[in-house]
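From a predicted model like this one, the values you see are computed outputs, not experimental measurements. Just so it is clear: chains get the letters A, B, ... in the order the sequence lines come, proteins before strands, and each one is counted from 1.
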Amino acid sequence: MRTSQYLLSTLKETPASAEVISHQLMLRAGLVRNLASGLYTWLPTGLRVLRKVENIVRDEMQRAGANEILMPMVQPADLWEESGRLDDYGPELLRLNDRHKRSFVLGPTHEEVITKLVANELNSYKQLPLSLFQIQNKFRDEIRPRFGVMRGREFLMKDAYSFHLEQECLEKTYQNMFDAYCRIFDRLGLNYRPVLADTGSIGGDASHEFHVLADSGEDDIAFSDSSDFAANIEKAEALAPTEERAEPTQNIETVELKLERLIKTTDIDLKTTVKTLLVVGASEDGEAEKLVALVLRGDHQLNEVKAESLTGIASPLTFATDEQVSAVVNCHSTSLGPKGLDIEVVVDRSAAHLSDFVCGANKNNHSFTGVNWQRDCGEINIQDIRNVVEGDPSPCGKGNIVIKRGIEVGHIFQLGDKYAQAMKCAVLNEGGKNQTLTMGCYGIGVSRIVAAAIEQNHDKYGIKWPKAIAPFQVAIVPMNMAKSARVKETAEALYEQLNQANIEVLFDDRKERPGVLFADHELIGTPILLIVGERNLDNQQIEVKDRITGEKSLMAIEDVMSLFN
RNA sequence: CGGUGAUUAGCGCAGCUUGGUAGCGCACUUGGUUUGGGUCCAAGGGGUCGCAAGUUCGAAUCUUGCAUCACCGACCA
C-alpha cells in the first residue's frame with residue numbers, strides 16, 4: 001500500500017474527548033473515529049489490526065474443533081421471553097419493533113439463538129459434543145460507554161458455545177477452550193492472566209476470565225504473591241481470621257456523636273468499628289419487602305456480588321431508601337448499628353471476629369463503644385461479604401493477596417442446562433430417551449483486545465504493536481524521494497519486492513520532510529522501518545529501524561528479505 | 001440514573017464578565033524556501049458560534065428550555 005492511496009488520517013493533537021491512552025492513540029494514529037457515544041467507525045489502519053486479531057482467534061477456535069457460523073444481530077424478542085432474560089437482562093438490551101410492530105432486540109449475546117438452532121438441528125447423542133462459534137458485532141446499551149472501543153456499545157466479539165450430554169464432557173471441552181484461549185493471547189503477544197470469575201447475568205457454574213494486565217483496567221484482580229492463584233475481586237474469597245476472638249473486656253458505653261464524627265474526632269481505629277448497611281431482602285410474590293442489615297468492619301468494602309448471591313437478599317442488590325430505613329429503625333442511616341436491630345443481620349467474617357467494637361446506636365447522632373457480638377447482639381449470620389484487600393491471606397492457602405488492575409478480554413463459562421432447559425434443547429440418548437443438553441459458552445472481546453494491546457504496548461511516540469497484530473509488517477520511509485532519483489528507484493524496487501513476497505508493506509511516498517514521516521510511522525507503530533536515503537546508497541545499504549527496541553542498523557539492500565524469514 | 005463540566009472552522013483552543021455581526025495555533029489550498037526527526041515566508045479557502053424560544057435597535061456573549069459529548073459516582077460508617 002502506498003500512503004498516497006491510503007487513508008492515513010493521523011492527528012498531531014489529541015482530541016479532548018479521549019481520556020485513556022489507548023483511546024487517544026487510536027484516534028491520533030487514525031484507527032477509529034467516533035460516531036456517537038460508544039459507536040466507532042474503524043478506519044483502514046484500525047481495521048487491519050482488528051482483522052488480524054480476529055484471524056488469530058478464528059484460527060485457534062478452528063484448531064480447538066469449533067465450527068464457524070454467523071447468526072443475525074437482530075433477534076426476535078420471543079426468544080428472550082422464552083429464556084426468561086427479556087426482563088432479567090435489563091436496559092442494556094436494546095429493543096425495537098419492525099413495521100409489523102413485532103418486537104425484536106439487538107443481540108448483546110447469542111445463547112438464545114444458538115440454543116434454538118441446536119435444538120432444531122440435533123437429534124441424537126451421536127452428534128455430540130459440538131462446538132460452534134461466530135465473530136460478529138454485538139450491541140449492549142451500556143450505562144456509561146467509555147474509554148473508546150474499550151467499553152463501546154457496539155463491539156466485535158467472538159462467541160462460542162459447546163453442547164454436551166454430560167457434565168464430564170463439558171469439563172473436557174471447557175479445558176480445551178481454556179487452552180485455546182491461552183494460545184490466542186500468547187500469539188497476540190499480550191501479558192495476560194486467567195482468573196477465577198463470577199458468572200454474572202449469563203449464569204452457570206464454573207467460570208474464568210482472561211485479563212490483560214494494565215493500570216487503566218476496569219477490574220480488580222486478586223493474586224496470590226506465592227502461587228498461581230488469581231481471581232476477580234468479585235469472586236476472591238475473604239477468609240475468616242484464624243486466631244481466637246478476644247474475650248470482651250469493655251462494657252457498652254453510649255457516645256453522643258454519630259459514628260462518622262466519633263471516628264474523625266478521636267483516635268479510634270477504623271478496624272475496631274463496624275458499619276451497617278441496609279439492603280432489600282429477597283421476597284416471595286405478594287410478600288412485603290423486608291430489609292436485611294449487612295455489617296462490615298469499618299475499613300472494609302462490601303462485595304455486592306457476594307452479598308446478592310446470599311439467599312434472603314434481593315438480586316440485584318438494592319440499598320434501602322431513607323423511607324425504608326426509617327420504617328424499620330428510628331434513626332438516619334448514618335447512625336445504624338447491629339445492636340438492637342430488629343431485622344436479619346448478616347455479618348462479615350472479619351467484622352464478626354471483632355470484640356469490644358464501636359458502632360452506631362440506632363439513635364440519631366449516638367454511637368456505642370465496647371460492643372460484643374454474643375453478649376450484646378444475640379444470634380448472627382456470619383458470611384463472606386467483603387472485598388479482599390492487599391495483604392489478606394490468599395484463599396488458596398499460600399501467600400498473601402496482591403491486587404492489580406486488569407482489562408477483561410475473554411470469559412469462559414460452564415453454563416449448565418439453564419438455556420437448554422428453557423429452549424427445550426435435547427437429543428435422544430443411548431437409551432432412546434430425551435435428554436437435555438448441558439452447555440459451555442466462551443467469549444472474546446475482539447475489538448477490546450485492540451485497545452488492550454495498546455494500553456500494554458506504547459511509548460511517548462505512539463503505539464508499539466506486537467508483531468502478530470501490527471497493521472503493516474514494515475514501512476518503507478524514503479528520505480526526500482522527490483529530489484533523488486536513486487532513492488525513488490531503490491524504494492520502488494523494495495516495494496515491488498516486498499509486495500511480491502506478500503509482505504504487508506506501507507510505502508510512504510508522500511512529499512513530506514523526513515521528520516513528518518518518522519513521526520507518523522512511530523505513531524502508527526509499524527514494527528520495522530526501512531529507511532532509504534542518499535546517505536547509504538553509495539554502499540548499497542539501507543537503514544533498518546526496530547520500533548520496539550528503537551535500534552537502528554544498516555543492511556545491504558539485497559539482504560532485506562532476510563528480515564521476514 | 002445522580003453529580004460535574006463542556007459544546008465557537010477538520011483538530012486543539014481564545015472571545016462571553018462589560019451585547020455592536022468572530023479570532024489564534026495546527027491541518028488544508030497556491031507560490032516560494034527547506035530536505036535524515038513535526039522547516040520557514042507569503043497569499044488564500046473554510047464557521048447559520050449545538051438546537052429552539054425569549055430579552056434587545058442589535059445576541060457567540062444575557063435568560064429559559066432541549067439536545068449531544070465527556071468525566072466522576074451509583075458500598076461509605
[X] near the nucleic acid: base, sugar-phosphate alone, or nothing, with a heavy-atom cut-off under 4.0 Å?
X	answer
Leu294(A)	nothing
Glu543(A)	base
Asp520(A)	base
Leu296(A)	nothing
Glu522(A)	base
Asp348(A)	nothing
Leu11(A)	nothing
Gly360(A)	nothing
Leu517(A)	nothing

| Counting distance only, does the side-chain N/O of Asp376(A) pair as donor-acceptor with the main-chain N or O of Val371(A) below 3.5 Å? |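 Side chain of Asp376(A) to backbone of Val371(A), a donor-acceptor pair under 3.5 Å: no, none is there.
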
| query | When you measure from the side chain of Arg48(A) to the backbone N and O of Ala470(A), does any donor-acceptor pair fall under 3.5 Å? | reply |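 Side chain of Arg48(A) to backbone of Ala470(A): no pair is present.
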
Check whether any side-chain nitrogen or oxygen of [X] sits under 4.0 Å from OP1 or OP2 of [N], and answer yes or no.
X	N	value
Thr14(A)	G12(B)	no
Lys12(A)	A27(B)	yes
Arg535(A)	G36(B)	no
Arg146(A)	A70(B)	no

Base-pairing mate for [N] - Watson-Crick or G-U, with both contacts under 3.5 Å:
N	result
G65(B)	C51(B)
G31(B)	C41(B)
C24(B)	G12(B)

| message | Output the rounded distance in Å from CG (Leu39(A)) to P (U68(B)). | response |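 So the CG-P distance, Leu39(A) to U68(B), works out to 13 Å.
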
As a test of reading the structure: which of [options] is closest to the side chain of [X], going by heavy atoms?
X	options	value
Pro15(A)	G38(B), C72(B), G12(B)	G12(B)
Glu13(A)	C69(B), C26(B), C76(B)	C26(B)
Met479(A)	A70(B), G36(B), C72(B)	G36(B)
Ala16(A)	G12(B), G73(B), U35(B)	G12(B)
Lys483(A)	C71(B), G12(B), U35(B)	U35(B)
Val516(A)	C11(B), G36(B), U39(B)	U39(B)
Ser37(A)	C69(B), A77(B), G37(B)	C69(B)
Phe147(A)	A77(B), C71(B), C13(B)	C71(B)
Leu270(A)	A77(B), U34(B), C72(B)	A77(B)

| message | Side chains of Asp220(A) and Asn232(A): any donor to acceptor distance under 3.5 Å? | response |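 Side chains of Asn232(A) and Asp220(A): no pair found under 3.5 Å.
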
| said: Looking only at side-chain N and O atoms, does Glu253(A) offer a donor or acceptor that is under 3.5 Å from a partner on Thr369(A)? | reply: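 Their side chains do not contain a donor-acceptor pair, so the 3.5 Å distance test is not met.
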
| message | Counting distance alone, no hydrogens or angles: does the base of G36(B) have a donor or acceptor under 3.5 Å from a partner atom on the side chain of Lys545(A)? | response |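 In this structure, the two groups form no donor-acceptor pair.
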
Considering only atom [atom1], compute the distance from [N] to [M] and round it to an integer number of Å.
N	M	atom1	result
U61(B)	A6(B)	P	15 Å
C57(B)	A9(B)	P	31 Å
U17(B)	G12(B)	C1'	24 Å
G23(B)	G15(B)	C1'	7 Å

| task | If the plane angle is over 60° it's perpendicular, under 30° parallel, otherwise tilted; pick one for Tyr6(A) and Phe472(A). | result |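 Answer is perpendicular, since the angle exceeds 60°.
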
| task | Give the ring-plane orientation class for Phe507(A) versus Tyr495(A), where under 30° counts as parallel, over 60° as perpendicular and anything between as tilted. | result |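 Judged by the thresholds at 30° and 60°, the geometry between Phe507(A) and Tyr495(A) is tilted.
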
| message | Check this for me: does any side-chain nitrogen of one of Arg448(A) and Glu455(A) sit under 4.0 Å from a carboxylate oxygen of the other? | response |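 Between Glu455(A) and Arg448(A) there is no salt bridge, as every charged N stays at least 4.0 Å from the carboxylate O atoms.
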
| Nearest-nucleotide comparison on RNA chain B, the residue closer to the 5′ end among Leu277(A) and Gly148(A) |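 So the residue in question is Gly148(A).
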
| query | Relative to the 5' end of RNA chain B, which residue comes earlier, Leu302(A) or Gly533(A), by the nucleotide with the nearest heavy atom? | reply |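 Final value for this comparison: Gly533(A).
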
